[in-house]
S.K.: 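Attaching a single structure in structure tokens format; questions to follow.
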Amino acid sequence: MKRLEPEIIDYYNVEVLKMISEKYAMTPMDALRAFVFSKTHEMLENAELGMTDFGAEALFEIWECEKITGDPRNSIYIRGE
């Protein structure tokens with residue numbers, strides 16, 4: 001697995017954490033834990049999966065889909081519908 005550059009990961013972390021904190025009224029630390037320990041974040045870190053083709057809003061939706069269904073691959077962005 002080729003890991004994505006830390007600067008790019010940091011960008012997505014900051015943007016997605018804002019959305020998680022706002023929508024779910026989480027503290028920044030709780031939002032960080034929820035995102036960093038998710039399958040979505042694991043997929044983001046893998047440069048070979050091309051998750052950076054999506055914007056931060058799409059990554060948030062993918063994470064949210066994982067939160068609801070248990071699998072980020074259920075997201076419309078990944079399924080391609």
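The first residue in the sequence is number 1, and the count goes up from there.
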S.K.: Once you round to the nearest 0.5 Å, how far does CG of Leu44 lie from CD1 of Ile62?
M.R.: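 Between atom CG of Leu44 and atom CD1 of Ile62 there are 9.5 Å.
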S.K.: Sequence neighbours left out, what passes side-chain contact (heavy atoms from CB on, under 4.5 Å) with Ala31? Give chain and number order.
M.R.: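 Partners of Ala31 by the side-chain contact (heavy atoms from CB on, under 4.5 Å) criterion, ordered by chain and then number, come out as Leu17, Ile20, Ser21, Met26.
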S.K.: Between side-chain atoms of residues 51-61 and protein atoms elsewhere (two or more places apart, or another chain), which donor-acceptor pairs fall under 3.5 Å?
M.R.:
residue : atom : partner : partner atom : Å
Glu61   : OE1  : Ser75   : OG           : 2.6

S.K.: With sequence neighbours excluded, tell me which residues meet side chain to side chain donor-acceptor pair (under 3.5 Å) with Glu66.
M.R.: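 Once residues adjacent in sequence are excluded, the partners of Glu66 under the side chain to side chain donor-acceptor pair (under 3.5 Å) criterion are Thr40.
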S.K.: Is there any salt bridge (charged side-chain N to carboxylate O under 4.0 Å, His left out) pair reaching into residues 36-46, and which pairs are they, with sequence neighbours excluded?
M.R.: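 Residue pairs passing salt bridge (charged side-chain N to carboxylate O under 4.0 Å, His left out), neighbours aside: Arg3-Glu45.
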S.K.: Among all residues two or more places apart in sequence or in another chain, which pass the salt bridge (charged side-chain N to carboxylate O under 4.0 Å, His left out) test with Lys23?
M.R.: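 Testing Lys23 for salt bridge (charged side-chain N to carboxylate O under 4.0 Å, His left out), a comparison that skips the adjacent residues, returns Glu64.
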S.K.: Check whether any side-chain heavy atom of Ile78 sits under 4.5 Å from a side-chain heavy atom of Met43, and report yes or no.
M.R.: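 The answer is yes, as the side chains (C-beta and beyond) meet within the 4.5 Å cut-off.
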S.K.: Which residues pass the side-chain contact (heavy atoms from CB on, under 4.5 Å) test with Glu7, sequence neighbours left out?
M.R.: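 So Glu7 forms a side-chain contact (heavy atoms from CB on, under 4.5 Å) with Glu5.
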S.K.: Met29: what forms a side-chain contact (heavy atoms from CB on, under 4.5 Å) with it, not counting sequence neighbours?
M.R.: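 Applying side-chain contact (heavy atoms from CB on, under 4.5 Å) to Met29 gives Thr27, Leu32, Arg33.
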S.K.: Of all residues at least two apart in sequence or in a different chain, which pass the salt bridge (charged side-chain N to carboxylate O under 4.0 Å, His left out) check with Glu15?
M.R.: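 Applying salt bridge (charged side-chain N to carboxylate O under 4.0 Å, His left out) to Glu15 gives Lys18.
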S.K.: Provide the closest heavy-atom pair for Ile9 versus Leu4 in the form atom of the first, atom of the second, distance.
M.R.: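 Nearest pair, atom of Ile9 first, then Leu4: CD1-O, 3.5 Å.
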S.K.: Identify, with sequence neighbours excluded, every residue that meets ring pair (Phe, Tyr, Trp, His ring centres under 6.0 Å) alongside Tyr12.
M.R.: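 Tyr12 satisfies ring pair (Phe, Tyr, Trp, His ring centres under 6.0 Å) with no other residue.
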S.K.: My understanding is that only residues two or more places apart in sequence, or in another chain, count here; which of them pass ring pair (Phe, Tyr, Trp, His ring centres under 6.0 Å) with Tyr24?
M.R.: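 Partners of Tyr24 by the ring pair (Phe, Tyr, Trp, His ring centres under 6.0 Å) criterion, ordered by chain and then number, come out as Trp63.
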